[in-house]
Amino acid sequence: LQRAADLLNRDRFVPEVRTLHHQKASSDAEIVDGERSGMICAGRQTNLYAVCRPESELVVVQQMVSIVEDDRPGVLTIDASGWTVQETPPDLTRPPIELTRNGGEDWTYREELLNRKRLAILGGGHCGLALARTMQRLGYELFVYETRTNVFESLNVELARPIEVVDDFRQAGARVDVPELTSAIVMTTDFPSDVKALAGVLPLPFPFVGVMGAPAKISKILQTLSDEGFSSADLDRIHAPIGIGIPSHTPEEIAVSVAAQLLASHPGVGRRQDLP
């Protein structure tokens with residue numbers, strides 16, 4: 001806070017990166033890079049300091065906000081010379097956040113603006129919407145699909161993105177933006193709809209596919225998909241029944257179970273990165 005106040009009071013400030021070490025040590029000689037923070041909680045923290053001023057950064061910030069609000073792909077880059085934003089497809093070979101340091105003021109911070117925490121829920125009933133509410137609080141970009149048009153009014157739906165009604169659950173998977181970054185969870189009301197939803201999802205590069213249901217129902221779903229021509233490799237991608245093994249009976253409990261499995265299966269899907 002003291003440093004932030006100091007930076008804001010300067011007429012000009014060049015963006016900089018500083019590393020703080022949060023452990024007790026006998027001497028500062030133990031710190032090779034950075035400085036001591038005075039805390040003893042262990043670990044280290046790398047901070048980027050940059051001042052946003054209306055006359056210089058406002059246009060870039062407005063562009064960044066527009067990209068994020070519209071869920072468009074883009075990249076924010078900050079270095080010692082300032083800020084830039086570019087609309088560009090996500091580079092899946094790189095982490096969403098990178099800091100390259102070559103010494104002194106030769107560093108570059110790069111952050112993808114597209115949220116990589118993405119989830120498609122096929123089925124907008126009680127369980128699907130409970131999961132949607134839970135994952136929205138966890139910062140996920142949500143896509144919820146349903147074939148029924150009159151099911152939402154009584155369920156107190158408050159989602160950032162409207163639920164999309166499709167004629168057939170087979171259509172839902174193809175409507176998802178960036179499927180290679182999106183998990184797909186099938187929670188429809190019946191066996192035929194589950195099969196249709198999975199049939200529309202499996203040909204696409206979803207990294208995680210799950211379906212809710214009892215073991216007998218899951219077995220019948222897998223057999224039906226096999227009869228439709230899906231390979232054993234396709235069926236092996238399906239996590240079923242979805243959710244970790246905790247007592248879960250209400251929609252909210254089921255949502256916690258599924259959310260826990262998603263977080264455990266994709267620990268690196270978020271925006272955080274351990275920086276050197």
Side-chain angles (χ1 to χ4, degrees), residues 1-118 136-141 160-161 177-178 181 266-276:
L1 290 175
Q2 292 173 347
R3 179 158 182 75
D6 173 58
L7 301 185
L8 289 172
N9 286 327
R10 298 184 187 182
D11 292 333
R12 182 178 181 275
F13 175 71
V14 176
E16 67 178 30
V17 171
R18 299 173 71 188
T19 297
L20 302 176
H21 293 258
H22 305 311
Q23 69 264 13
K24 187 176 181 180
S26 58
S27 71
D28 288 338
E30 297 182 20
I31 296 181
V32 177
D33 175 46
E35 58 194 279
R36 194 177 307 286
S37 69
M39 301 176 69
I40 60 172
C41 55
R44 64 176 181 260
Q45 174 182 4
T46 299
N47 298 326
L48 188 156
Y49 298 86
V51 176
C52 307
R53 299 192 184 280
E55 62 272 18
S56 52
E57 281 77 35
L58 180 58
V59 173
V60 176
V61 171
Q62 289 174 332
Q63 183 183 4
M64 181 170 56
V65 169
S66 173
I67 290 173
V68 171
E69 288 183 341
D70 294 341
D71 192 37
R72 305 196 308 270
V75 172
L76 166 67
T77 302
I78 304 177
D79 56 26
S81 64
W83 305 36
T84 59
V85 171
Q86 290 182 310
E87 293 197 50
T88 182
D91 184 350
L92 302 186
T93 65
R94 303 173 68 172
I97 292 177
E98 289 181 301
L99 175 62
T100 304
R101 305 175 73 178
N102 299 315
E105 293 188 358
D106 186 7
W107 55 268
T108 302
Y109 174 83
R110 177 188 179 277
E111 178 177 346
E112 270 188 16
L113 299 177
L114 185 73
N115 188 359
R116 288 196 182 187
K117 297 168 65 174
R118 310 175 74 81
Q136 182 166 273
R137 287 193 294 269
L138 293 172
Y140 274 69
E141 192 75 28
R161 184 188 298 271
D177 296 330
V178 203
L181 291 177
H266 295 84
V269 76
R271 307 183 67 82
R272 179 182 176 275
Q273 179 200 11
D274 291 323
L275 301 173

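Residues take their numbers from the sequence shown, with the count starting at 1. These values consider heavy atoms only, across backbone and side chains, with no hydrogens, waters or symmetry-generated copies.
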Working to the nearest 0.5 Å, report the span between CG of Leu48 and CG of Leu99.
7.5 Å
Under the side-chain contact (heavy atoms from CB on, under 4.5 Å) test, residues paired with Ala160 that sit two or more places apart
Gln136
Value rounded to 0.5 Å, distance of CH2 in Trp83 from SG in Cys52:
3.0 Å
Leu58: which residues meet the side-chain contact (heavy atoms from CB on, under 4.5 Å) condition with it, sequence neighbours left out?
Gln62
Does a side chain donor of either His22 or Gln45 reach within less than 3.5 Å of an acceptor in the other side chain?
yes
With Glu87, which residues qualify under side chain to side chain donor-acceptor pair (under 3.5 Å), at least two apart?
Arg72
Does the side chain to side chain contact (heavy atoms under 4.5 Å, CB included) test come out yes or no for Thr77 and Thr108, once each step is laid out?
CA-CA 7 Å; Thr77 302; Thr108 302; 3.7 Å; yes
Qualifying residues under side chain to side chain donor-acceptor pair (under 3.5 Å), relative to Glu16, sequence neighbours excluded:
Arg3
Which residues share a side chain to side chain donor-acceptor pair (under 3.5 Å) with Ser81, sequence neighbours left out:
Asp79
Counterpart residues, side chain to side chain donor-acceptor pair (under 3.5 Å), relative to Asp6 (two or more places apart)
Arg10
Rounded to the nearest 0.5 Å, what's the gap from CG on Leu113 to CD on Glu69? Could you check?
12.0 Å
If you measure from the Lys or Arg side-chain nitrogens to the Asp or Glu carboxylate oxygens, is any gap between Asp71 and Arg118 under 4.0 Å?
yes
Rounded to the nearest 0.5 Å, how far apart are CG of Leu76 and CD1 of Ile67?
9.0 Å
Once you round to the nearest 0.5 Å, how far does CG of Leu20 lie from CD of Glu35?
5.5 Å
Does the Lys117 side chain pair with the main chain of Glu141, one donor and one acceptor, at a distance under 3.5 Å?
no
Quick one about Ser56 and Arg12 (side-chain donor to acceptor, distance below 3.5 Å, no hydrogens or angles considered), yes or no?
no
Rounded to the nearest 0.5 angstrom, the CD-CG distance for Glu112 and Leu181 is 7.5 Å
